[in-house]
Chemist: 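Here it is, the structure in full.
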Amino acid sequence: MEKIFGVDPKSKFTAEDVRDAIVECFYQAHKEVAEKQFQFAGEDFGEEALKKMTSNFTEGIVRRAFTETSGDFSQPTKASLQKAIDYMKEFAMEFRTKEIIDANYQQIKSLIDGLSE
């Protein structure tokens, strides 16, 4: 099986790796919309700055998911990861199709399920 948002499910991985996969998943799913919003501001930030701003923006949304579900972004647990993706699934319904959300959710869930307690 190939990597899931940067994580090889056949290798040993941590809760932090899964958290980073969630950030990457959300970045990939929302980067075009976020970049358009930053470009709409009318400034030419440059490609690297735009990428960094978009990355920070999407990470901020993931951080908020942890906060809203009483989790710790810096020290995620299996339970806090699950609560965060449940929260983000509902959040993403405003922006993406159910099929895309379900597919990404299942991929991340498979990583969470692969963690030991």
Side-chain angles (χ1 to χ4, degrees):
M1 176 178 227
E2 62 186 54
K3 289 184 177 183
I4 299 173
F5 300 108
V7 176
D8 181 352
K10 291 184 178 181
S11 68
K12 185 172 172 68
F13 56 89
T14 66
E16 289 83 3
D17 295 326
V18 177
R19 177 209 54 214
D20 293 346
I22 294 169
V23 172
E24 180 61 23
C25 173
F26 213 72
Y27 174 78
Q28 288 181 21
H30 296 277
K31 69 180 176 184
E32 289 179 22
V33 172
E35 286 175 357
K36 285 180 184 176
Q37 290 297 319
F38 289 126
Q39 289 171 337
F40 184 72
E43 290 188 45
D44 183 9
F45 297 106
E47 189 174 329
E48 282 303 309
L50 186 60
K51 183 177 179 180
K52 182 71 172 166
M53 289 166 54
T54 302
S55 178
N56 288 343
F57 174 75
T58 54
E59 182 180 305
I61 294 170
V62 176
R63 285 179 177 275
R64 180 173 177 206
F66 276 87
T67 299
E68 291 291 323
T69 58
S70 301
D72 185 344
F73 179 87
S74 298
Q75 297 180 347
T77 63
K78 190 172 183 176
S80 69
L81 289 163
Q82 183 63 54
K83 288 178 185 177
I85 68 166
D86 290 343
Y87 177 91
M88 293 182 72
K89 182 178 182 179
E90 293 302 314
F91 175 84
M93 290 290 190
E94 299 291 322
F95 307 101
R96 296 286 170 249
T97 66
K98 182 178 181 341
E99 292 78 22
I100 291 171
I101 293 167
D102 287 346
N104 289 345
Y105 180 91
Q106 289 305 319
Q107 287 182 306
I108 298 295
K109 177 128 178 66
S110 73
L111 293 176
I112 294 171
D113 291 345
L115 290 170
S116 57
E117 294 292 325

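Every heavy atom of this structure was used, including side-chain atoms; hydrogens, water molecules and symmetry mates were not. Treat the numbers as computed from the prediction; the structure is a model and nothing was measured.
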Chemist: Who else is in the cluster with I100 when I, L, V, M, F, W and Y are joined by side-chain contacts under 4.5 Å?
Modeler: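 Traced through the cluster, I100 reaches no other member.
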Chemist: Using the test side chain to side chain contact (heavy atoms under 4.5 Å, CB included), find all partners of T14 that sit at least two apart in sequence or belong to another chain.
Modeler: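 With sequence neighbours excluded, T14 shows a side chain to side chain contact (heavy atoms under 4.5 Å, CB included) to E16, D17, given in chain and number order.
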Chemist: Excluding sequence neighbours, so at least two apart, what forms ring pair (Phe, Tyr, Trp, His ring centres under 6.0 Å) with F13?
Modeler: none
Chemist: Quick one: side chain to side chain contact (heavy atoms under 4.5 Å, CB included) partners of A15, sequence neighbours excluded?
Modeler: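 If we apply the side chain to side chain contact (heavy atoms under 4.5 Å, CB included) test to A15, skipping adjacent residues, the hits are P76, L81, L115.
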Chemist: In Å, rounded to the nearest 0.5 Å, how long is the span from OG1 of T67 to CG of D72?
Modeler: 8.5 Å
Chemist: Under the salt bridge (charged side-chain N to carboxylate O under 4.0 Å, His left out) rule, collect the residues that match up with E59, sequence neighbours excluded.
Modeler: R63
Chemist: What salt bridge (Lys or Arg N to Asp or Glu O under 4.0 Å) pairs are there with at least one residue in residues 97-113, not counting sequence neighbours?
Modeler: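 Listed once each, the pairs are K89-D102, K98-D102, K109-D113.
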Chemist: Main chain of T54, side chain of T58: is a donor-acceptor contact present, judged purely on distance under 3.5 Å?
Modeler: yes
Chemist: For T77, which residues count as a side chain to side chain contact (heavy atoms under 4.5 Å, CB included) partner, sequence neighbours excluded?
Modeler: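 Counting only residues at least two positions away or on another chain, T77 forms a side chain to side chain contact (heavy atoms under 4.5 Å, CB included) with A79, S80.
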Chemist: Check for me, please, whether M88 and F57 land in the same ILVMFWY cluster - side-chain distances under 4.5 Å, paths through other members count.
Modeler: yes
Chemist: Which residues pass the side-chain hydrogen bond (donor to acceptor under 3.5 Å, both in side chains) test with Q75, not counting sequence neighbours?
Modeler: none
Chemist: Look up atom NZ in K3 and atom CG in L111, then write down how far apart they are to the nearest 0.5 Å.
Modeler: 12.0 Å
Chemist: Could you give the distance from CD1 (I112) to NZ (K83), rounded to the nearest 0.5 Å?
Modeler: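 Spacing of CD1 (I112) from NZ (K83) equals 12.5 Å.
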Chemist: Identify the two heavy atoms, one from E2 and one from P9, that lie closest to each other, and give their separation to 0.1 Å.
Modeler: O-CD, 3.6 Å
Chemist: Could I get the full list of salt bridge (charged side-chain N to carboxylate O under 4.0 Å, His left out) partners for E68, not counting sequence neighbours?
Modeler: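 Once residues adjacent in sequence are excluded, the partners of E68 under the salt bridge (charged side-chain N to carboxylate O under 4.0 Å, His left out) criterion are R64.
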Chemist: Fit a plane to each ring of F26 and F91, take the angle between them on a 0 to 90° scale, and name the class: parallel (under 30°), tilted (30 to 60°) or perpendicular (over 60°).
Modeler: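 Aromatic pair F26/F91 classed tilted.
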Chemist: Listed by chain and number, what are the side chain to side chain contact (heavy atoms under 4.5 Å, CB included) partners of D86, not counting sequence neighbours?
Modeler: Q82, Y105
Chemist: Nearest 0.5 angstrom please: D20 CG to Y27 OH, how far?
Modeler: 14.5 Å
Chemist: Could you walk me through whether E48 and K52 pass side-chain contact (heavy atoms from CB on, under 4.5 Å), step by step?
Modeler: CA-CA 6 Å; E48 282 303 309; K52 182 71 172 166; over 6 Å; no
Chemist: Does F5 form a side-chain contact (heavy atoms from CB on, under 4.5 Å) with N104? I'd like the steps, not just the answer.
Modeler: CA-CA 9 Å; F5 300 108; N104 289 345; 3.6 Å; yes
Chemist: Considering only heavy atoms from C-beta outward, does the side chain of F73 approach that of V23 to under 4.5 Å?
Modeler: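 Side-chain contact under 4.5 Å: yes.
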